[in-house]
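Below, read A as the first sequence line, B as the second, and so on, with proteins coming before strands; counting in each chain starts at 1. These numbers come from a predicted model, not from an experiment.
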Amino acid sequence: MFVAIRDLRFAKGRFALMGAVVALITLLVVLLSGLTVGLGRGNTSAVTNLTADHLVFEAPPAGQKLDFTTSSVGPSVRASWSHVPGVRRAEPVVVSMTRASGGGRTTAVAVFAVPDGSSLAPGGVNGAGEAGAPGGVAADRVVLSAGAAAALDVTAGDRIDLDGQSVTVGEVSGTDEFSHAPVVWAATANAPASGLEPGHATFLALTTGDAERPAAGAEGADGADGSAGVGSDAGANLGADLAAADQRLGTVTLTPAESVSAIGSFSSENGSLQLMRALLFAISALVIGAFFTVWTVQRSGEIAILKAVGASTRYLLGDALGQALVLLLVGTALGSAVAAAVGSVITATVGSAVPFVLDLPTLLVPVVVMTVLGLAGAAFSLRTVTTVDPLTALGSSR
Amino acid sequence: MTLQLDDITLTYPDGTQRVTALERVSLTAQPGTLTAVTGPSGSGKSSLLAVAATLIAPDSGRVLLDGRDLSGLSPKETAAVRRERIGIVFQSSNLLASLTALDQLLVIAHLNGTPLSVAHPRATELLAAVGMGDCVGRRPHQLSGGQRQRVTIARGLMNDPRLLLVDEPTSALDSQRGEAIVQLLRRLTVERDLTTLMVTHDERHLQAADRVTHVVDGTLRRLADR
Ligand SMILES: Nc1ncnc2c1ncn2[C@@H]1O[C@H](COP(=O)(O)OP(=O)(O)OP(=O)(O)O)[C@@H](O)[C@H]1O
Ligand SMILES: [Mg+2]
């Protein structure tokens, strides 16, 4: 790094310019990442926070994508699922987007309708409700997420209008959101008209575990399938059992995390944000690659001199990569520091109005990716370092 | 260190043909002697130095340092030989733009892993010896052509070489400075028992040499032993 450090100091202007470009791209990427995570949470947190191991959807027709808005799981399928080995509970969840009004305001909400007293809903004895309060959902008793309560300006005990039905706010719990709408947890009886046939659910929330495995069910289940795997290796069998049941019942079983891609607004939004991020990464790698290629070609005469006086190629490569690394580390550190400052100003001033999440991964992942890709870009210029002929140092052409 | 060039032929690619720069050249230089190489422009003087410096492998013939044949060495090994044993002073003063005069010498020490506590006094002393003691902190663009050449000479001596190869050391200097440089090279050659090969155009410098060889069209003619 003897020459590299002195080059950095000598060609301050050029490196400062390049460092500023790296810092700006890092700033953009970190802000974009924070926005991606924030928007993602606003779209999916109700699903990813579900206290279920797997979600069962109706298999979409060939050529169509799985989607929360089109999936419809009937009562017989649910009954069959509850008898699948390894499945302890298969609870129907009806998801619908509707309007709620109360406290003189109206807001769009996502209603997650679950059976009375289900532990899928927050609050109640199972959830995070206030101690002693009668929690959970029941007929005409809903649980509001903090967002919904704030939007309607209501608290526990108030009455709200949910798609034409008057229900009581039993409790305010959690910050769940779905498809950018705050979530209202309701009992199945209060599920708003969602276009589903009566008795059908959007998906089934499975609770699995081999503690109390029910015996093979009567309906639909062929005996061999039902009794398979009892008492043996649970994990592997569970996967096989679920897959077999999917096949048999025409369903698709996903983990909550996997199922977020079935939220239409999430996959399109997340897709374009990730594409933008990938493009920024690619641009930064290219820009850095171009900069170092030009820089290296420009100083190929000096590389020849160093080779002529006995510098090994390895020494020169280390010098070149070290220089790129310093530039990248300084640039990304600066960029992410500014991004962190901007992020905390955003969260402090506009708060939840801008869905922006600034945590360590959102800060560090771009820094690491930028550094690695930048080095890869800089590595393009290394060919010049290896191919320069030391003989050219002797020539009088310089 | 004895330098022995044995029946060297060197050609360069020239379009579809090859141009012969050196033809069956043999030369031996002993430690403690200064060998001057003269000849018209384009006759092959720099090429001769390049072969001796292991910067280019000849088409045929051998280069021996103290009897050790360098022909079969890898680029990595020849780089080590240059780093440790050979001092090169280029025809045009080839300095690194971002380095001060002092750093131009220290980088050589850095390549060899010499600690700064040893390298720093040595570099200062060498710069003083070439009359550059006052300009140690200047970068090449702040030096005159002759001053750059003197830094280049000091740099060539930094690794305490056994073989010193000098290409036109005085081309950018006035005759007085030029003469001083040649006298310095002569003194160092004797004091440090260097094997020195010096290419020069200047007839006046020839009397400082122990031996003068004349290159004409890629072949050597020995002119004088002193
Ligand atoms: N890299 C090269 N590629 C092709 N031909 C070359 C190359 N270097 C030198 N030559 C040719 O080899 C011959 C010898 O060149 P060299 O540089 O050794 O001459 P020189 O005696 O040092 O000349 P000068 O006194 O002008 O420095 C010349 O004809 C030159 O054109
Ligand atoms: Mg020459």
Side-chain angles (χ1 to χ4, degrees), chain A residues 1-19 291-292 294-320 322-324 326-327 382-398, chain B residues 10 12 41-42 45-57 74-100 103-113 116 139-141 152 155-156 158-159 161 165 167-168 171 199:
Chain A
M1 292 285 284
F2 188 95
V3 181
I5 294 289
R6 285 159 179 80
D7 275 347
L8 282 170
R9 255 186 264 149
F10 184 63
K12 276 190 228 70
R14 264 170 288 179
F15 281 104
L17 218 58
M18 196 58 221
F291 173 80
F292 275 102
V294 171
W295 170 251
T296 311
V297 168
Q298 198 182 342
R299 60 183 208 104
S300 59
E302 301 208 338
I303 294 169
I305 296 169
L306 284 166
K307 280 191 177 179
V309 296
S312 64
T313 302
R314 221 177 96 195
Y315 177 95
L316 293 169
L317 291 179
D319 223 38
Q323 196 172 52
V326 169
L327 181 77
L382 296 183
R383 231 188 86 76
T384 312
V385 176
T386 52
T387 51
V388 164
D389 186 350
L391 181 64
T392 53
L394 200 63
S396 46
S397 54
R398 275 176 47 84
Chain B
L10 175 72
Y12 292 109
S41 177
K45 305 183 295 295
S46 294
S47 302
L48 182 73
L49 241 52
V51 169
T54 75
L55 289 176
I56 188 167
S74 68
K76 194 176 157 189
E77 289 165 323
T78 55
V81 170
R82 290 198 296 276
R83 192 163 64 229
E84 289 157 15
R85 323 291 303 271
I86 303 178
I88 305 175
V89 179
F90 302 100
Q91 181 166 8
S92 52
S93 61
N94 281 337
L95 297 172
L96 304 176
S98 67
L99 269 51
T100 62
D103 283 341
Q104 307 279 352
L105 274 66
L106 292 180
V107 71
I108 304 292
H110 189 254
L111 289 177
N112 277 305
L116 198 63
R139 297 207 165 80
H141 66 96
T152 314
R155 180 177 69 181
M158 187 60 193
N159 62 341
L165 303 168
D167 201 352
E168 308 265 10
S171 55
V199 172

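Considering all non-hydrogen atoms of both residues, B:R82 and A:P390 come closest at NH2-CG, 4.2 Å. A pairwise comparison of heavy atoms in B:F90 and A:A308 identifies CZ-CB, 3.6 Å as the closest pair. Closest non-hydrogen pair, A:A311 versus B:A79, comes out as O-CB, 4.3 Å. Scanning both residues, A:M1 and B:H110, for their nearest heavy atoms gives N-CE1, 4.3 Å. Heavy-atom minimum distance, A:E302 versus B:L95: OE2-O, 4.0 Å. Taking each heavy atom of A:L391 and B:I56 in turn, the nearest pair found is CD2-CD1, 3.5 Å.
With a 4.5 Å cut-off on side-chain heavy atoms, A:V309 and B:I86 do not count as touching. Looking at heavy atoms from C-beta onward, B:S98 lies out of side-chain contact with A:R299 at the 4.5 angstrom threshold.
For B:L106, the parts lying near chain A are the backbone and the side chain together; criterion is any non-hydrogen pair under 4.5 Å. At a 4.5 Å heavy-atom cutoff, the contact between B:I88 and chain A is made by side-chain atoms alone. Contact of A:S312 with chain B is made through backbone and side chain together, with heavy-atom distances under 4.5 Å. No part of B:A53 comes within reach of chain A, as not one of its non-hydrogen atoms sits under 4.5 angstrom from that chain. For B:N159, no part lies under 4.5 angstrom from a heavy atom of chain A.
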B:L111/A:F2 under side chain to side chain contact (heavy atoms under 4.5 Å, CB included): CA gap, chis, key distance, verdict: CA-CA 9 Å; B:L111 289 177; A:F2 188 95; over 6 Å; no

